[in-house]
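Shown next, in structure tokens, is the structure this report addresses.
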Amino acid sequence: MSDQIKSIVEKLNKEPFKKNYNLITFDSLESMQLLQLLNDVLGEIDPKHVVDIREEMPEQTAKRMLSLLGILKYKPPGSITDLSTFRQGLVIGSKPVIHPVLHWLLQRTNELKKRAYLARFLIKLEVPTEFLQDDPVADTNKQYEDLMEAFKNLHKECEQLKTSGFSTAEIRRDITAMEEEKDQLIKRVERLKKRVETVQNHQRMLEIARQLRVEKEREESLAQQKQEQKNQLFHAEQRLQRVQLQLKDMQHAVVDSKPESLMKRLEEEIKFNSYLCSEKFPRELESKKQSLYFLQKVVSEPAMGQSDLNELETKINGVNAQINQLIEKRMMKYEPIDSKFSMYRQQASIISRKKEAKAEELQAAKEEMSSMEKQMLQKANQARELDGTEVLKGDEFKRYVNKLRSKNTFYKKKRQEIAEITAEYGILQRTEELLKQRHEAIQQQLQAIEDKKGISGYSYTQEELERVSAAKSEMDEMKGRTLDNMSEMVILPNLTIVFLFHLHDLLPSSHQELTQECDEKKVQYDSCAAGLESNRSTLEQEVKGLREECIQEESCYHHTNCMKKNLEIQLQRAKDEMKTYVSPDPQDRRKAIREQYTRMILEQENLGKKLREKQKAVRESHGPNMKQAKMWRDFEQLMECKRECFLKQQNQTSVGQVIQEGGEDRLVL
């Protein structure tokens, strides 16, 4: 109770009340003052209740307050169960009644303000049914309900805008900026008008520009219609493909099936669909209607706070507990005579639940199958758009896989050959390096021998002579070829003339044969070129895929190599750690990580032990220390009181002396 009063006093001392109460002054308030204070709090929540309670009757005040508390959904505490007792306490201003009301109101003032504001527009006026028979009254009531629904929607939009983060200052700035832009645009339009008026036939030009703008807008609309029609065509093609796929599936199903199996399958589908239509869907529809009814009922009521929800949850839990108790009592009281009926009922309920579960699983499987078919169609369309070929199925896919396997083996064989050639190339490079080194060494030895014999540069001179002789032989050969070419240039015209004479005699007879042979060769060439081009494109794709696979394998190899190096480093660190740990030298052992962590653990354990001892000592001395501190505070208050008493006594003594001196002066006079 003291916490409740303290909370009330704190709230009343803040904005907007500013009462400057303390616990003593608030507790000493009379019943009339308490009622006025309660009325002030209610007036802060709903301004219609800002009145002076001395100017109205007590019953009228109680009725007004009770109506507002009912709108705010206040519920008296558990100690006040009778409504008449609560009403009587409210009339007389009883503290056990008013204090909980004040505490409840002050704890949720903002929420209750909102609720009181909404109650002015959402509490529906109940019109008797006999009055609703009149058409004007019914129309007015319908208009009233429509306005109430419109207010609900507007209030929701307002709340969403408040929580969306929009600022009125930013909106005002945007409006002013748009107005400035509008003024600038108007000025630009006026300047352009003045500039255009000086041009000849400006009206015709403006008309042409207007027609151009209209045609551009029409072009945009036509482009949009074209896009929409393309989308419709795409969806229609998808539907056609889906229907064709279903037709193929049906044809495949019909090929290997018999009339009896088809009839059986149709009967199963009919049974399943009849179960869905007669049992499952009506039950789900009824449950949806009930949930919709409850949701509409919840929406029609005023907004509820967290405290109201907590109270409803406690009520629901209590009612559920009572229902369970009643069911247990009923089962204990009315034990069934024939247990077979109960067993059959249980079996029937279990079977019905299993049936519902299987129906739901079947429906989910059908939905999943339809979604998978849609995804398959989408993937097929994407593949067709990318490659321009159909997706392989059945035997074609198997043949394609076998072809890929054969190509894979061929690729592995060639890759092995490349590896062998690469290894041989490395060996040859190494051999070349060794031979170069040996050649340099032999050259150095030869130069040393020439220096020793006194004929240095002999080998170099010999190489130069050989090189000059080789160049001379090349020049002689080139001169011989030049003479041959000149003789050919003289002989070739004569031979050409003779050949042309003979060709002129042969051409009329063999022209037709050559043309026919040329056409045949051209057809063969075109077919061969087309086949080679197709083989080249397929080989390029295969090579591209194999190169990507090679790159992936190389990256995997590098990643594995890096992991191996990291593991080797970690293993080396572990070996070094083990070596230092088992080392006979104490200095090396102290450098080991295990020893360092062991020392740190011991230090932390010692520190924890000291802190626990210190905590224990503080706990043991806490009571005496607190008692001693209290004694010191009491002693300080006592000394302060003595000091004040001494000061008061000293002041009184000085005043008495002044009075006595004044009396003596009067006696002397």
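Keep in mind that this is a model prediction, so the values were computed, not measured.
Annotation for Lys366: atom NZ counts as buried by contact number, over 12 foreign heavy atoms lying within 6.0 Å. Summarising the local packing, NZ of Lys113 is surrounded by more than 12 heavy atoms from other residues, nucleotides or ligands at distances under 6.0 Å. With a 6.0 Å radius and a threshold of 12 heavy atoms from other residues, nucleotides or ligands, Ile24 has its CD1 atom at or below the threshold. Taking a 6.0 Å sphere around CD of Glu636, one finds it holds 12 or fewer heavy atoms contributed by other residues, nucleotides or ligands. In the displayed structure, Arg573 atom CZ is contacted under 6.0 Å by at most 12 heavy atoms of other residues, nucleotides or ligands.
Ring-plane geometry between Phe635 and Trp632 is classed as perpendicular, the angle between the planes exceeding 60 degrees on a 0 to 90 degree scale with a lower cut at 30.
With sequence neighbours excluded, no residue forms a ring pair (Phe, Tyr, Trp, His ring centres under 6.0 Å) with Phe281. Residues that satisfy the ring pair (Phe, Tyr, Trp, His ring centres under 6.0 Å) test with Tyr144, not counting sequence neighbours, are absent from this structure.
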Below 3.5 Å, can you tabulate the donor-acceptor pairs from side chains in residues 313-320 to any protein atom, sequence neighbours excluded?
from, atom 1, to, atom 2, distance (Å)
Thr314, OG1, Asn310, O, 3.3
Thr314, OG1, Glu311, O, 2.5
Asn317, ND2, Glu313, O, 3.0
Asn320, ND2, Ile316, O, 3.1

Acceptor/donor pairs from residues 176-183 side chains to any protein atom, 3.5 angstrom cut, sequence neighbours excluded:
from, atom 1, to, atom 2, distance (Å)
Thr176, OG1, Arg172, O, 3.1
Thr176, OG1, Arg173, O, 2.6

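Rounded to the nearest 0.5 Å, atoms CG (Leu112) and CH2 (Trp104) are 4.5 Å apart.
Listed by first and then second residue, the side-chain hydrogen bond (donor to acceptor under 3.5 Å, both in side chains) pairs involving residues 608-624 are Ser621-Asn625 (not counting sequence neighbours). Sequence neighbours left out, the pairs with a member in residues 622-631 that pass salt bridge (charged side-chain N to carboxylate O under 4.0 Å, His left out) are Lys630-Asp634.
Minimum heavy-atom separation, His99 to Ile8: O-CD1, 3.4 Å. Lys95 approaches Pro100 most closely through the heavy-atom pair O-CD, 4.0 Å. Across Val101 and Val97, no two heavy atoms sit closer than the pair CG2-O, 3.2 Å. Closest approach of Leu38 to Met65, counting heavy atoms only: CD2-SD, 3.9 Å.
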One pair to check against side-chain hydrogen bond (donor to acceptor under 3.5 Å, both in side chains): Asp576 and Gln572. What are the steps and the verdict?
CA-CA 6 Å; Asp576 295 340; Gln572 186 63 33; 3.3 Å; yes
